[in-house]
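Contents: one structure, followed by commentary.
One-based numbering, in listed order, for ligands and for the atoms of each.
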Amino acid sequence: MTPVEQASGGAGAIVDVVLSQKGGVGKSTIAVNLAAVIGENTRPNEADEDAPVVAAGIDPQGSMEKWADKVDEDTLPFDYVSTRGDNSVIPELKKDPLVRRIIVDCPGFMDVDPAAERSRDPLGHGAAADALRAVLDVADRAIVPINPEWLAYDPTEYTIERILRPRGIPFLVAVNRWDPRDGREDLDKLEAWLDEHGYPRAPQPIRKYKIHTNAAEKGLVVTRYAESGTALRAREDFYKLAIALDGLQVRH
Ligand SMILES: Nc1ncnc2c1ncn2[C@@H]1O[C@H](COP(=O)(O)OP(=O)(O)OP(=O)(O)O)[C@@H](O)[C@H]1O
Ligand SMILES: [Mg+2]
C-alpha cells in the first residue's frame, strides 16, 4: 500500500477534485495531466486491462470533454469518464475495487448566491450545483488552482472558505500558469498571501508553457509531448504536483 492508500484505510479509490470558483485557472489542464503522470506510475491490478486511474469530467460543456473527443484513449495511462449528468457515476466508481485514483475536473461555479449566509451552502440550485455537491460529498481531497494575478485571490478564498472548509475537505493550492519570464514578484506576492491565510500550497508553481495551451486541441497530455527541454520542464511540474498531493492527508 502507498502512504495514501494507508491513510484512506485501503477502502475505495481516492477522489481528488480540481476545483475553483474562478473559470480558466487551469482546472482541466491540471486534472488531465495529473491523471497522466499518476497513471504512468500506477500499475493495473494483475491482468486487468482497465486503468486504475480515472480522469472524470462532470461538465458536458467543459474543455476536458472536448479534449477527450480528440484523444486516442487506448494510448492513455488512465481512463476518461464523463458523468453526463448522472451524479451516481463517481460515487460508484469510488467503490470499484479496480480503481485506485479518481481525479475530477470541476466546472467553474459562477451561479453562487452571493447573499447566502456564511453558514449556508452558497452553491445554489440547478443541475451543475447538484453535480458539484454530489462530487464534493465523496471527495477526499481538493486541488485549488490559482494564477499569479490579484484578480484570482478572492475566488480562491471563496472556494476554500465557503466550499471546502465547511465540508472538511483537505486541500492544496496549486499556483498555475506562472511565466518565469515575468520574474518572481507576482509569484512571491501570491505565495505570501497563501501563507498568511494558512492555505497549504504545492511547493512549486506550474509554469506557463505554450505547449499546454495547444495540448487539448491536439489531444495530448504532458507525458506525450514531443521531447524537448520545455516538454521535460512541463512534465516535471506535474510530477512535482503529484508528489505534493501525495503528502496531503485524505478526508477522515
Ligand atoms: N500552465 C499553463 N501554461 C499554459 N497554458 C495553460 C496552462 N494552464 C492552463 N493553460 C491554458 O489556459 C486555458 C484555461 O485552462 P483550463 O481550460 O485548463 O482552465 P479551466 O479552469 O478548466 O477553465 P474552465 O473554468 O473554463 O473550465 C486553456 O487554454 C489552457 O490550455
Ligand atoms: Mg475546465
statement: Note: ligand 1 atoms sitting under 4.0 Å from heavy atoms of R207 are 1 (N), 2 (C), 3 (N)

field: Identity of the nearest option to atom 30 (C) of ligand 1, non-hydrogen atoms only, from I211, T29, D237
entry: T29

query: Under 4.0 Å from any heavy atom of S28, which atoms of ligand 1 are there?
result: 18 (O), 20 (P), 22 (O)

query: Any chance the rings of F238 and H212 have centres within less than 6.0 Å?
result: yes

task: Indicate yes or no: does an N/O atom of K22 lie under 3.5 Å from an N/O atom of ligand 1?
output: no

- line: G23 heavy atoms within 4.0 Å reach ligand 1 at atoms 25 (O)

field: Charged N-O contact under 4.0 Å between R177 and E149
entry: no

- prompt: Are T156 and V25 close enough, and set up right, to give a side chain to side chain contact (heavy atoms under 4.5 Å, CB included), and what steps lead you there?
  reply: CA-CA 10 Å; T156 302; V25 287; over 6 Å; no

field: Under 3.5 Å side-chain donor-acceptor pair for E161 and Y199
entry: yes

task: Could you note down all residue pairs passing salt bridge (Lys or Arg N to Asp or Glu O under 4.0 Å) where residues 30-39 supplies at least one of them, sequence neighbours left out?
output: none

statement: Numbered in order shown, the ligand 1 atoms found under 4.0 Å of a heavy atom of Y209 are 3 (N), 4 (C), 5 (N)

- prompt: Counting backbone and side-chain atoms alike, does S28 have an N/O/S atom under 2.8 Å from the Mg ion (ligand 2)?
  reply: yes

query: If you measure from each non-hydrogen atom of N176 to ligand 1, which part falls under 4.0 Å: side chain, backbone, both or neither?
result: side chain

- prompt: Hey, is ligand 1 close enough to P107 that some N/O pair sits below 3.5 Å?
  reply: no

message: Tell me whether R133 is salt-bridged to D121, with the criterion being a basic N under 4.0 Å from an acidic carboxylate O.
response: yes

field: contact_flag A216 ligand 1 heavy-atom lt 4.0 Å
entry: no

message: Below 3.5 Å, N or O to N or O, backbone or side chain included: is there any such pair between D105 and ligand 1?
response: no

query: Hey, is K240 close enough to D237 for a salt bridge, meaning N to O under 4.0 Å?
result: no

query: Quick check: does K208 get an N/O under 3.5 Å from an N/O on ligand 1?
result: no

task: Could you check if a side-chain atom of L172 sits within less than 4.5 angstrom of a side-chain atom of R141, using non-hydrogen atoms only?
output: no

query: Just distances here: any N/O of I206 and N/O of ligand 1 closer than 3.5 Å?
result: no

task: For A36, check side-chain contact (heavy atoms from CB on, under 4.5 Å) against everything at least two apart and list the hits.
output: F78, V221, T223

query: Short N/O distance, under 3.5 Å, between C106 and ligand 1?
result: no

